[in-house]
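The next block holds one structure in the form of structure tokens; read it before the comments.
Chain identifiers are assigned alphabetically (A, B, ...) following the order of the sequence lines, protein sequences preceding nucleic acid strands; residue numbering begins at 1 within each chain. As a basis for the values below, the full set of heavy atoms in this structure was taken, side chains included, without hydrogen atoms, waters or symmetry mates.
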Amino acid sequence: MADIRDNPYLAHLHGSENGAFAALVPGQTTAAQQEAAEDAGSSGLTGRAFTQKYRDILGKRRELPVNKQRQKFLELVHSNQFVVLVGETGSGKTTQIPQYMVLDMLPQAAGKMIACTQPRRVAAMSVAQRVAEELDVKLGQEVGYSIRFEDCTSPRTVLKYCTDGMLLREAMSDNLLSRYSAVILDEAHERTLNTDILMSLMKTIAAKRPDLKVVVMSATLDSEKFQKYFNDAPLLAVPGRTFPVEVFYTPEPEPDYLEAAIKTALQIHASEPEGDVLLFLTGEEEIEEACRLLRARGDDLARRANCGPLLVVPLYSTLPPAMQQKIFARAPEPRTRGGAPGRKIVVSTNVAETSLTIDGIVYVIDPGFAKQKVYNPRVRVESLLVSPISRAAAQQRAGRAGRTRPGKCFRLYTEKSYNTDLIEQTYPEILRSNLGSIVLQLKKLGVDDLVHLDLMDPCAPEVLMRALELLHYLGALDDDANLTPLGHVISEFPIDPQLAKMVVSAADYGCTNEALSIAAMLSVPNVFLRPREAQRAADMAKAEFAHMDGDHMTLLNVYHAFKSCADPAQWCWDNFLQYRSLRSADSIREQLRRVAAKSDIPLVSNDFSSPDYYPQIRRALTEGYFMQVAHLERNGQYLTVKDNQLVMLHPSSVLERKPEWVLYNEFALTKRHYIRTVTEVKPEWLLEIAPQYYDLETFPSCEGKRILEKIALRNAIVQEDADKKKRRKEKRDRKDKDGKDKRDKRDKKDKKSKHRDS
DNA sequence: GAGCACTGC
């Protein structure tokens, strides 16, 4: 019944009509041959006859700009190990290029896969879904995806979309990525930490694997930098499919960008044709404030100037998903039939710049600012700072107005400012981050010489030094900066090295279960909600979980309560807790538990009624965080140990009684210097647990040091005492033993004689 | 007495 042409194993019998399929020679295909294979009666991947839906989609795929360049692309891939591809939005590169690679390399025949990396999970999932449809296969079979918490692939998988972090993890156990015949790095222009590392890694691997093909895809005009970095790789530019966006600047600088933004939005509403507005601001509070003002003044405007109704929607990542959905709502209908049309205004953070696409945006308002991460290696602090965006980011924002039809972008700064004040590109993340975790991963990847690591933008030596120093103190690296056995174990955990050290050490204190829970809770966004209209109620709810030892134990209480309640979502709502964060903490904990089990770390708890239950957990915490300790000086202020930075307990801390020694999870740099998530520790523990760090010889002078010195002295005396006692006891024991031996001999003799007697 | 831009393993 089945057409012989539908059987891929008989492809060689197909004759001239389908010969193109059989004619596919790996690494030598032409665009015409590939198209013939796509036009065939059945899929070369599954052997099944193509569906009508497949043919419909195929028609659309052929119209994508990237398809016109297929032959050129294949020629470049055939004669080069690296190819750089620049494609604007709408070019079809993310869906099509990996498919061209599949047809060209026929990875199923070679038993290898093609990987295409994405910076974000949702992108990896949704693109894989789309490509599975385009290839007429079931998602998770021939085409799949692999992201944290979810591996949707099978032994049949030939094309795998994954997050760049996932591929990096995979490289840690398979340094040459030998399962892949080609790696496609997508969205490389975003320059995430993981993409940068992966790019460097691909250069190293490619040098050792001539058979490996690497395609780097980017959306910027900064293609020369990529070409140069990849050994002068050839470039292929694919046009996009977007609509023109007209850009307007303010004639004079705006002193108050929030006020200017609101005015502009209302002006658009009053005078521009129908079309939704996207306004970029920097943070939650600012956005909510802007929304309030816009709603109030919008109503006013409608009354006075016969404007249509206004729908104002906030958008930021911590907004509950149900609220986020509102950005997709349609603009309101006119109040009366034939009246002025309604308009939707979305007020958003950077999420709308890359992660989320909102259809129907015609007007963009760009004040030119965003909160950006910065890292200060001197104080070892990552913080968020409102700073001017780059020209590339400004272009990206403007582009959001031209996705469905021609649009307009209003920049709330002068053209001169755009040209002279803004930097060309946003600094890549690797220049703005603490590299502790990354350095450990690199060591695990077999990169020994970090200083000469071939990165597109080399990181500051001081940042590297800080990372190496941290890992050395944690015991993850030895004196020659080589990975220790402990370092190997720590690197397996997908969390900060300090947290991983805590989890691993917790085994010695009998509390790995609790350490896992705390590690998970510290790896998710803040679980405590504090809505403006219910601050007191929220504080009271939090007080129920407060633990006298500090915030870490409070988090543990929350987690335990969460795990034992009947209806988690309702319970979270009732207790002003972020359900999303807690659920995520639960999956992270499960993942960490599996990693721990794989490393043969016993999963144990101490007796809950034991007085040592909490101290043991705090000791384990100290094993990871001894470098983040502050001491309360006599003047009532905290100084961080060694760095002598003046800090204050964050007002959200449950520790109001100001213990003398505290360990903190985070150093928040805002108007003041705050330490957040804080727990009381004992100075003795510091000396015991991290003598190499608390080496008083090298310690800068301060009150804390003098106290530690006293303790050290006392310890020494106690130790000396103990040694004396021990020696005396040993002497006594020896004496006793001698005596006992004699007695034993005598007894034996006696027994023998008794035996003889009996 | 205050904040959490955004990703990711």
### Task
Using a strict cut-off of less than 4.0 Å between a Lys/Arg side-chain nitrogen and an Asp/Glu carboxylate oxygen, indicate whether A/Glu429 and A/Arg432 qualify as a salt bridge.
no
### Summary
Here the salt bridge (Lys or Arg N to Asp or Glu O under 4.0 Å) pairs for residues 646-660 of chain A, sequence neighbours left out, are A/Arg657-A/Glu680
### Task
Have a look at A/Glu284 and say if it touches a base, only the backbone sugar-phosphate, or nothing, with a 4.0 Å heavy-atom cut-off.
sugar-phosphate
### Message
Students often get this wrong, so: under 4.0 angstrom with heavy atoms, is A/Thr192 touching a base, only sugar-phosphate, or nothing?
### Response
nothing
### Query
Can a salt bridge be assigned to the pair A/Asp366 and A/Arg400 using a cut-off of 4.0 Å between side-chain N and carboxylate O?
no
### Task
Name the nucleic acid region contacted by A/Ile147, choosing base, sugar-phosphate or nothing; use a 4.0 angstrom heavy-atom cut-off, strictly under.
sugar-phosphate
### Query
Base, sugar-phosphate, or nothing for A/Pro119, non-hydrogen atoms under 4.0 angstrom?
sugar-phosphate
### Message
At 4.0 Å (heavy atoms only), tell me whether A/Arg169 reaches a base, stays on the sugar-phosphate, or touches nothing.
### Response
base
### Query
With a 4.0 Å cut-off, would you call A/Glu190 and A/Arg120 a salt bridge?
yes
### Task
State plainly whether the residues A/Arg594 and A/Glu590 are in salt-bridge range, i.e. N to O under 4.0 Å.
yes
### Query
Starting at the 5' end of DNA chain B, which residue's closest nucleotide do you reach first, A/Phe493 or A/Glu285?
A/Glu285
### Task
For A/Phe149, report the nucleic acid contact type (base, sugar-phosphate, nothing); a contact means any heavy atom under 4.0 Å.
nothing
### Query
Just checking A/Arg121: base, sugar-phosphate only, or nothing, at a heavy-atom cut-off of under 4.0 Å?
sugar-phosphate
### Sugar-phosphate only, base, or nothing, as touched by A/Arg672 at under 4.0 Å among non-hydrogen atoms
sugar-phosphate
### Task
Look at all strands and tell whether A/Tyr316 reaches a base, only sugar-phosphate, or nothing, counting heavy atoms closer than 4.0 Å.
sugar-phosphate
### Summary
Closest to the 5' end of DNA chain B, once A/Ser146 and A/Lys371 are matched to their nearest nucleotides, is A/Lys371
### Summary
Contacted region of DNA chain B by chain A, from 5' end to 3' end of the hits, cut-off under 4.0 Å to heavy atoms, spans B/dG1 to B/dC9
### Query
Would you call A/Glu286 and A/Lys371 a salt bridge, using N to O less than 4.0 angstrom?
no
### Query
Would you say the side chain of A/Leu435 lies within less than 4.5 Å of the side chain of A/Leu193, judging by non-hydrogen atoms?
yes
